[in-house]
Amino acid sequence: MNINQEFKRHRRLRSSASMRSLVRENHLRTEDFIYPIFIVEGKSKKNQVPSMPGVYQISLDLLEEELEEIYHLGIRAMMIFGVPDEKDEQGTGAFIESGIVQEATRIIKKAYPEILVVADTCLCEYTSHGHCGVIHNHDVDNDESLKLLAQTAVSQAKAGADIIAPSNMMDGFVAVIRAALDEEGFHHIPIMSYAVKYASSFYGPFRDAADSTPQFGDRKTYQMDPANRLEALREAESDVEEGADFLIVKPAMSYLDIVRDVRDRFNLPVVAYNVSGEYSMVKAAAQNGWINEKELVLEKLTAMKRAGADLIITYFAKDAAKWLAEK
């Protein structure tokens with residue numbers, strides 16, 4: 001039987017592991033990861049988050065032990081979330097000098113100056129009502145909230161944060177925070193904006209970890225509708241114009257089309273946030289023996305790079321760093 005020789009033989013470039021490696025288009029590196037960590041007040045606390053196996057709330061006195069592991073795995077960036085004992089209507093703990101993120105930042109920069117501290121700049125973990133700003137008439141007051149968010153950013157920068165990452169989704173938050181940082185002499189501190197943040201059901205486990213569930217209503221008046229695509233570009237464009245240095249898309253796994261849109265439209269570094277629900281689903285399936293966790297995690301993280309992400313915020317950072325070292 002004669003085979004038509006005119007068709008293309010794509011399998012030639014898949015013939016061996018070495019060949020596949022030679023022509024691989026996207027590569028996953030430990031340097032791509034930002035590892036999120038939850039810091040609690042008190043002493044000798046390492047509380048596993050029930051809905052996030054392998055993720056812990058860690059007290060300040062145990063932080064250096066965690067830093068040692070992170071550093072030796074080659075991870076050089078951490079995103080810090082604070083879980084305070086006391087909360088109030090204004091979220092005062094977010095911007096006071098002795099705030100938990102500020103204290104954690106000082107410990108990290110003293111122990112491991114090479115590790116970049118990315119400070120989450122929001123109020124939801126610190127407010128008694130669980131929303132990301134000041135409440136007036138049962139709604140989040142955009143402009144009043146901006147004042148407190150600017151205070152928070154400046155306080156974090158003074159504590160030594162390398163990058164400010166505002167996640168509140170208030171209109172104008174990048175412009176106001178940039179102005180406040182510049183006024184205080186922090187022209188050199190970049191803003192990693194949560195430019196595109198959807199009102200997603202994938203955040204549930206995070207709210208357990210950060211104790212930040214809204215006490216009334218939801219966040220749909222300031223976070224985005226998951227059905228919208230063009231709105232994401234409008235949001236990102238505003239942040240670029242206001243002075244953002246990085247653009248985060250959150251969540252990542254179900255929004256890779258948005259990651260690609262943002263990558264194609266803007267020339268700033270794009271960050272994909274591999275969120276808590278995405279993490280917990282994989283962990284649950286792995287614990288039941290339904291999947292190969294290592295292969296699946298590396299595949300989905302690579303997919304985020306392929307979609308256009310330069311960096312990935314992920315709770316899998318430590319596991320992925322170990323797996324990549326094995327390879």
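Atoms considered below: every heavy atom in the structure, side chains included; atoms not considered: hydrogens, waters and symmetry mates.
Residues that satisfy the salt bridge (Lys or Arg N to Asp or Glu O under 4.0 Å) test with D182, not counting sequence neighbours, are R178. Remark: Y112 pairs with Y71 by the ring pair (Phe, Tyr, Trp, His ring centres under 6.0 Å) rule, at least two apart or across chains. For Y198, the ring pair (Phe, Tyr, Trp, His ring centres under 6.0 Å) partners are Y255, not counting sequence neighbours. Every salt bridge (Lys or Arg N to Asp or Glu O under 4.0 Å) that E69 has, sequence neighbours left out, goes to K318, K322. Listed by chain and number, the residues in a side-chain hydrogen bond (donor to acceptor under 3.5 Å, both in side chains) with K46 amount to none (sequence neighbours excluded). Every residue was checked against the salt bridge (Lys or Arg N to Asp or Glu O under 4.0 Å) condition with E114, not counting sequence neighbours, and none meets it. The side-chain hydrogen bond (donor to acceptor under 3.5 Å, both in side chains) test applied to K45 returns no partner, not counting sequence neighbours. Residues forming a side-chain hydrogen bond (donor to acceptor under 3.5 Å, both in side chains) with E231 (at least two apart in sequence, or on another chain): N228. Qualifying salt bridge (Lys or Arg N to Asp or Glu O under 4.0 Å) partners for D319, counting only residues two or more places apart in sequence or in other chains: K283. F316 meets the ring pair (Phe, Tyr, Trp, His ring centres under 6.0 Å) test with Y279; sequence neighbours excluded. The side-chain hydrogen bond (donor to acceptor under 3.5 Å, both in side chains) check on N274 picks up E278, T314, with sequence neighbours excluded.
No donor-acceptor pair under 3.5 Å is formed between the side chain of S21 and the backbone N or O of A17. Formation of a donor-acceptor pair under 3.5 Å by the S280 side chain with backbone atoms of S51 is found in this model. With hydrogens and angles disregarded, no donor-acceptor distance shorter than 3.5 Å links the side chain of T105 to the backbone of G160. Between the side chain of R263 and the backbone N or O of L268, at least one donor-acceptor pair lies under 3.5 Å. Proximity of a side-chain donor or acceptor of S15 to a complementary backbone N or O of R11 within less than 3.5 Å is not detected.
The cationic group of K158 does not satisfy the cation-pi geometry with F186, failing either the under 6.0 Å distance to the six-membered ring centre or the 45° limit from the ring axis.
Defined by atom type and a distance below 3.5 Å, a donor-acceptor pair is present between the side-chain atoms of Q102 and S155.
How far CD1 of I108 is from CD of E66: 10.0 Å, rounded to the nearest 0.5 Å. The distance from the OH atom of Y35 to the CD1 atom of I313 is 13.5 Å, given to the nearest 0.5 Å. One finds the CD atom of Q156 at 13.5 Å from the CD atom of E97 (value rounded to the nearest 0.5 Å). Atom CG of L311 sits about 11.5 Å away from atom CG of L247, to the nearest 0.5 Å. M281 CE to M253 CE: the interatomic distance, rounded to the nearest 0.5 Å, is 3.5 Å. Atoms CD1 and CZ, from I163 and F246 in turn, are 4.0 Å apart once rounded to the nearest 0.5 Å.
Residues I164 and L181 are in side-chain contact: their nearest non-hydrogen atoms beyond the backbone lie under 4.5 Å apart. You'll find the side chain of P166 reaches within 4.5 Å of the side chain of I191, heavy atoms only. For the pair L63 and I37, the minimum side-chain heavy-atom distance is below 4.5 Å. A 4.5 Å side-chain heavy-atom check between V270 and V259 finds at least one atom pair inside the cut-off. At a threshold of 4.5 Å between non-hydrogen side-chain atoms, the residues V275 and Y203 count as touching. With a 4.5 Å cut-off on side-chain heavy atoms, R106 and K109 do not count as touching. In this structure, the side chains of Y273 and P251 stay at 4.5 Å or more apart for every pair of heavy atoms. Counting only heavy atoms from C-beta outward, the side chains of F81 and P36 approach each other to under 4.5 Å.
By the rule that hydrophobic residues join a cluster once side-chain heavy atoms approach within less than 4.5 Å of another member, L296 and L301 end up as members of one cluster. No continuous path of ILVMFWY side-chain contacts below 4.5 Å connects L116 to I80, so the two sit in separate hydrophobic clusters. Follow the hydrophobic side-chain contacts under 4.5 Å out from I177 and you never reach I96; the two are in separate clusters.
Scanning both residues, E242 and A175, for their nearest heavy atoms gives OE1-N, 3.0 Å. Residues G42 and S59 approach most closely at O-CB, 3.4 Å, considering heavy atoms. Residues A307 and L256 approach most closely at CB-O, 3.8 Å, considering heavy atoms. Closest heavy-atom contact between A236 and A195: CA-CB, 4.1 Å. For the pair F33 and A321, the tightest heavy-atom approach, listed with the atom from each and the gap, is CE1-N, 4.2 Å. I39 approaches A104 most closely through the heavy-atom pair CG1-CB, 4.1 Å.
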Dump the intermediate steps for salt bridge (charged side-chain N to carboxylate O under 4.0 Å, His left out) on K147 and D143, then the final yes or no.
-> CA-CA 7 Å; K147 298 174 185 177; D143 293 6; over 6 Å; no
Please test E235 against M169 for side-chain contact (heavy atoms from CB on, under 4.5 Å), starting from the C-alpha separation and ending with a verdict.
-> CA-CA 9 Å; E235 287 280 1; M169 287 297 285; 4.0 Å; yes
From CA spacing to verdict: side-chain contact (heavy atoms from CB on, under 4.5 Å), I34, M192 | CA-CA 12 Å; I34 300 172; M192 182 180 286; 3.8 Å; yes
Walk me through it: do K305 and I312 pass the test side-chain contact (heavy atoms from CB on, under 4.5 Å)?
-> CA-CA 8 Å; K305 292 293 296 291; I312 304 170; 4.1 Å; yes
Given S145 and N168, is the side-chain contact (heavy atoms from CB on, under 4.5 Å) satisfied, shown in steps?
-> CA-CA 9 Å; S145 300; N168 50 86; over 6 Å; no
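Summarising the local packing, CD of E65 is surrounded by 12 or fewer heavy atoms from other residues, nucleotides or ligands at distances under 6.0 Å.
Ring geometry for F38 against Y315 counts as parallel: the plane angle stays under 30°, on a 0 to 90° scale with 60° as the upper cut.
Each of E295, K300, K294 was compared with L298 under the side chain to side chain contact (heavy atoms under 4.5 Å, CB included) criterion, and only K294 meets it.
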Mind listing the side-chain donor-acceptor pairs of residues 22-29 below 3.5 Å, one per line with the distance, residues two or more places apart or on another chain?
unit_1	atom_1	unit_2	atom_2	d
H27	NE2	R24	O	3.3
R29	NE	D32	OD1	3.3
R29	NH2	D32	OD1	3.2

